[in-house]
Amino acid sequence: MGGVSMKRYDFSSIEVKWQKLWEENKIFEVKTDPSKPKYYVLEMFPYPSGRIHMGHVRNYTLGDILARVKRMKSYNVLHPMGWDAFGLPAENAALKHGIHPAKWTYSNIDYMRAQLKKLGFSYDWSREFATCDSDYYKHEQRFFIEMYEKGLAYRKKTLVNWCPSCHTVLANEQVEDGTCWRCGTEVTFREMEGWFLKITAYAEELLEDLEKLKGHWPEKVIIMQKNWIGKSEGAEIKFPIPEIGEDLIVYTTRPDTLFGATFVCMSPEHPLAEKITEKKGLTEGLRTLIEKVRKEKRDIEAGLAKKEGLFLQTYAIHPLTGEKLPLFAANFVLMEYGTGAIMCVPAHDQRDFEFAKKYNLPIKVVITPKDKKLNLEEMNSAYEEPGIMINSDIFTGLDSEEGKRKVTFYLEEKGLGKRKVTYRLRDWGISRQRYWGCPIPMIYCEKCGVVPEKLENLPVVLPLNVQIDSSGRSPLPNYSEFVNTTCPKCGSPAKRETDTFDTFMESSWYFARFACPKFPEPFNREDIKYWLPVDQYIGGIEHAILHLLYARFFTKVLRDLGYFDLDEPFSNLLTQGMVIKETYKCPVHGWLYPEEVSSEGKCLKEGCGKEVVVGKFEKMSKSKCNVVDPDEMINKYGADTVRLFIAFAAPPERDLEWSNHGIEGAFRFLKRLFNLITTHAENLREISYIEEELKSLPKNLLKLRRKLHQTIKKVSEDLETRLHFNTAIAAIMEFLNLLEDTLKEVSVEDEKVKKVLKECFEKVLLLISPICPHISEELWEEIGHKSFISLEAFPKYDPELIKEDTFILVIQVNGKVRDQVEVSVELSKDEIVKIAKERPKIIKYLEGKTLKNVVFVPKKLINFVVS
RNA sequence: GCCGGGGUGGCGGAAUUGGCAGACGCGCUGGAUUCAGGAUCCAGUGGGAGUUAAUCCCGUGCGGGUUCAAAUCCCGCCCCCGGCACCA
């Protein structure tokens with residue numbers, strides 16, 4: 001084969017050429033146009049950390065394929081990109097290299113934008129923004145003020161991570177194993193005032209609306225959010241404490257076990273605990289317990305801490321029996337959940353059981369399994385299952401589930417308690433004692449108290465001309481030009497809030513801003529109405545809870561603030577798997593780069609020679625020496641090959657094992673495609689066809705066309721609906737294999753062959769163009785087109801043509817495949833039975849047997865059941 | 001502990017509705033080409049038995065079941081991955 005003039009697949013110049021043409025012709029820029037159906041594809045925007053990694057490449061490749069497919073299916077496609085640009089790493093870089101966070105961030109953005117462009121993603125770059133632009137965050141400040149005015153933002157004391165040696169607040173990611181990431185000092189907790197958003201006010205709606213997302217979001221994410229919101233139904237019950245003349249309200253989900261309560265516990269931080277200990281002279285004991293709880297907060301949360309309590313030398317009265325129940329402050333009771341106090345039923349709650357054993361408290365069985373009796377002496381754990389109520393006065397004999405309702409109802413009637421729904425979800429603490437974030441637009445005035453900045457004074461701009469010192473502390477509190485201001489209400493001197501927003505704030509509404517990134521107000525109704533919601537959102541599973549929950553919350557808040565008419569931001573969600581790679585570990589030198597391992601699997605570091613352990617596939621990370629640099633791959637194989645491999649190696653939601661051999665295979669396929677088409681391109685350039693004239697063809701050409709149209713159908717479904725790009729690519733490869741085989745049997749000088757070949761080339765290029773756009777554009781031009789393939793229509797299949805006139809009939813005897821034969825689809829069951837019975841192989845199996853049944857599956861198989 | 005997801009050749013993965021298990025790719029083997037290597041092309045490739053042919057048997061984590069028919073449905077178990085975890 002191979003004409004003398006065969007072109008080499010020079011991916012690098014091809015890719016540069018088309019990227020430039022796309023950009024010059026602005027072909028991916030879109031406008032609101034209600035006359036066309038819209039499709040909004042969004043990938044989670046990146047933090048500008050310096051360079052993109054393979055995880056980004058995968059995320060954005062998946063999104064780009066879909067965006068390109070939808071565009072070819074004649075949707076008006078919004079596919080934007082921007083930068084989640086505030087955050088801690090910028091401050092860390094400032095500390096380490098002395099670069100200002102702003103400079104570091106913007107130069108990273110420039111570098112990463114260039115990297116994304118090299119991958120040929122079809123973004124509308126005219127909509128790009130970075131969240132650290134004041135043009136972006138000024139709107140966020142406005143939202144915050146409006147939330148404050150609606151009572152959705154408030155201040156309260158909160159525990160923060162505190163390094164006593166650096167005198168600074170630490171973000172969670174700066175705490176490593178309970179110690180400070182910089183100095184290694186043990187981190188403590190400290191109470192500080194902070195701002196909160198009342199996400200709990202939306203708990204019920206956030207939970208309910210998950211129903212709407214079923215089938216469109218991964219089940220897993222919905223369940224994770226459900227658990228996070230953690231709705232539970234139970235009762236609040238009053239336990240009077242006669243000594244102080246107050247009632248302790250406890251929360252329980254098991255009112256059916258009320259008669260089994262033998263003691264009562266409250267959190268050491270409960271206000272009544274303080275009151276009682278003061279009265280009883282136990283303040284010292286309580287303080288020690290509180291300190292211990294703070295110190296062991298991490299262990300307590302991990303369930304490692306031993307149960308511990310302080311007897312308050314006081315008793316609470318059981319609301320129904322009038323019994324005196326001892327009162328404790330206990331380390332395992334959380335102040336943040338329920339009422340901060342619980343009734344303890346050791347027989348039916350494992351935690352209470354452990355506590356009762358430790359402090360020798362009575363255990364009283366009030367629920368018994370249906371089939372056996374519980375024996376108190378033999379119990380070494382609590383019985384937490386439902387059952388029949390016993391020892392429960394008028395409720396004895398009831399099923400415990402029914403008992404829950406009856407007891408609660410009884411308490412309500414007597415005014416001793418009430419039904420209560422509780423959520424695990426806590427309000428969202430958004431204050432960060434950091435510099436590189438959006439300033440919280442609030443002012444503290446000695447006369448007026450907390451006052452929001454006037455809307456017309458927004459943005460409160462984050463000052464850039466500050467000195468970042470080595471302490472790691474935010475420079476804002478010491479920057480008097482920023483801090484000192486005047487009260488918007490009374491005009492007297494006042495101080496600004498110096499905390500900044502949690503960076504999850506910026507990512508909670510960016511998807512909406514992409515609809516109108518330049519609009520002076522936060523949103524342009526017309527654009528929002530047209531583009532939102534996001535039709536397909538794509539990103540990592542690591543954001544299953546926080547980001548996605550906050551974005552849903554913001555959407556509902558912005559709706560209630562009147563900005564738009566939308567309940568949920570993301571109609572469909574795809575969570576893609578990680579990119580993982582094999583690791584190598586030397587017993588002496590630790591993690592090794594692949595080039596530090598000899599072909600015999602020995603460590604090459606410092607002439608070590610030790611046997612290297614070939615480790616598991618793990619998420620790519622620098623520390624494990626298993627990263628693959630996207631730039632390196634693009635330089636070696638080109639963007640199209642990288643995109644092809646990434647889409648082919650695994651279905652999107654599964655982890656993708658990076659393989660150097662695998663990417664070679666993808667490269668080989670593109671070279672084959674390139675060679676095949678360039679070889680015939682000149683011959684076909686002037687050829688045109690109408691599908692009508694391709695109806696009567698020799699058998700092999702008909703078979704080829706049929707396969708082509710079957711491939712169009714499959715690829716179309718896989719790319720657009722199933723989002724299984726791997727099987728779409730497999731189908732294209734399969735077709736190309738048949739095409740090459742068929743070419744060996746025909747003459748390319750034949751006019752009919754030329755026409756069929758032209759059709760095959762055109763349609764294959766169209767099919768693969770969303771995945772490998774550059775090579776497709778190049779070959780599209782090569783076979784005689786002047787248009788951008790990126791803007792062409794996705795091919796349609798001919799439904800008549802894909803119908804097979806024969807099929808392979810599988811013949812089974814007793815469920816085992818014994819023979820197969822190609823038969824016409826026209827044949828009736830009887831005719832098929834006749835044919836099958838006459839097959840020599842089948843005769844052998846049927847001889848001398850009684851035929852008991854014949855199972856016939858049209859167009860598939862026939863099964864003879866014999867005795 | 002609780003809740004999810006998964007386990008298919010040497011490897012990544014197909015099998016969309018219970019109907020030929022292993023599509024497609026990688027790797028491997030043999031051959032062609034080449035001084036050689038690489039690249040490329042052709043053929044083969046789940047395991048076992050078999051006169052290397054016909055053919056037969058086994059085979060989707062393990063054990064059972066439903067069915068004419070099970071990777072797919074049901075019951076029990078094992079292992080791996082992820083999330084949550086004193087939330088009363």
Contact class for [X] vs. all strands (heavy atom < 4.0 Å): base, sugar-phosphate, or nothing?
{"X": "A:R672", "answer": "sugar-phosphate"}
{"X": "A:G338", "answer": "nothing"}
{"X": "A:Y845", "answer": "sugar-phosphate"}
{"X": "A:D352", "answer": "nothing"}
{"X": "A:Q812", "answer": "base"}
{"X": "A:I223", "answer": "sugar-phosphate"}
{"X": "A:T422", "answer": "nothing"}
{"X": "A:V250", "answer": "nothing"}
{"X": "A:E657", "answer": "sugar-phosphate"}
{"X": "A:K619", "answer": "nothing"}
{"X": "A:N726", "answer": "sugar-phosphate"}
{"X": "A:K859", "answer": "nothing"}
{"X": "A:T253", "answer": "sugar-phosphate"}

Considering only NZ, NE, NH1 and NH2 on the basic side and carboxylate oxygens on the acidic side, decide whether [X] and [Y] come within less than 4.0 Å.
{"X": "A:R254", "Y": "A:E384", "value": "no"}
{"X": "A:E354", "Y": "A:K357", "value": "no"}
{"X": "A:E308", "Y": "A:K358", "value": "no"}

| query | Looking at A:F355 versus A:F263, is the centre-to-centre ring distance below 6.0 Å? | reply | yes
Result for 5'-nearest mapping on RNA chain B, choosing between A:A341 and A:K816, is A:K816
When A:K220 and A:D349 are each assigned the nearest nucleotide of RNA chain B, the 5'-most assignment goes to A:K220
For [N] versus [M], give the span between their [atom1] atoms, rounded off to a whole number of Å.
{"N": "B:C68", "M": "B:G18", "atom1": "C1'", "value": "12 Å"}
{"N": "B:C24", "M": "B:G44", "atom1": "P", "value": "12 Å"}
{"N": "B:U55", "M": "B:G5", "atom1": "C1'", "value": "43 Å"}
{"N": "B:A88", "M": "B:A15", "atom1": "P", "value": "41 Å"}

OP1, OP2 of [N] versus side-chain N and O of [X]: anything below 4.0 Å?
{"X": "A:S232", "N": "B:A88", "answer": "yes"}
{"X": "A:N675", "N": "B:U40", "answer": "no"}
{"X": "A:R424", "N": "B:A88", "answer": "no"}

A:H661 has its side chain closest, among B:C26, B:A88, B:U55, to B:C26
Closest of B:A15, B:C68, B:G27 to the A:R668 side chain is B:G27
_Hydrogens and angles aside, do A:Y337 and A:S232 bring a side-chain donor and acceptor to less than 3.5 Å of each other?_
yes
Result for side-chain contact (heavy atoms from CB on, under 4.5 Å) between A:M343 and one of A:T257, A:L248, A:L325, A:T262 points to A:T257
Q. Distance-only, no hydrogens or angles: does the A:N331 side chain make a donor-acceptor pair with backbone N or O of A:V293 under 3.5 Å?
A. no
Once hydrogens and angles are ignored, does a donor-acceptor distance under 3.5 Å link the base of [N] to the side chain of [X]?
{"X": "A:K852", "N": "B:C68", "value": "no"}
{"X": "A:K844", "N": "B:U55", "value": "no"}
{"X": "A:E734", "N": "B:C24", "value": "no"}

Base orientation of B:G9, chi within 90° of 0 counted as syn, else anti, reads syn
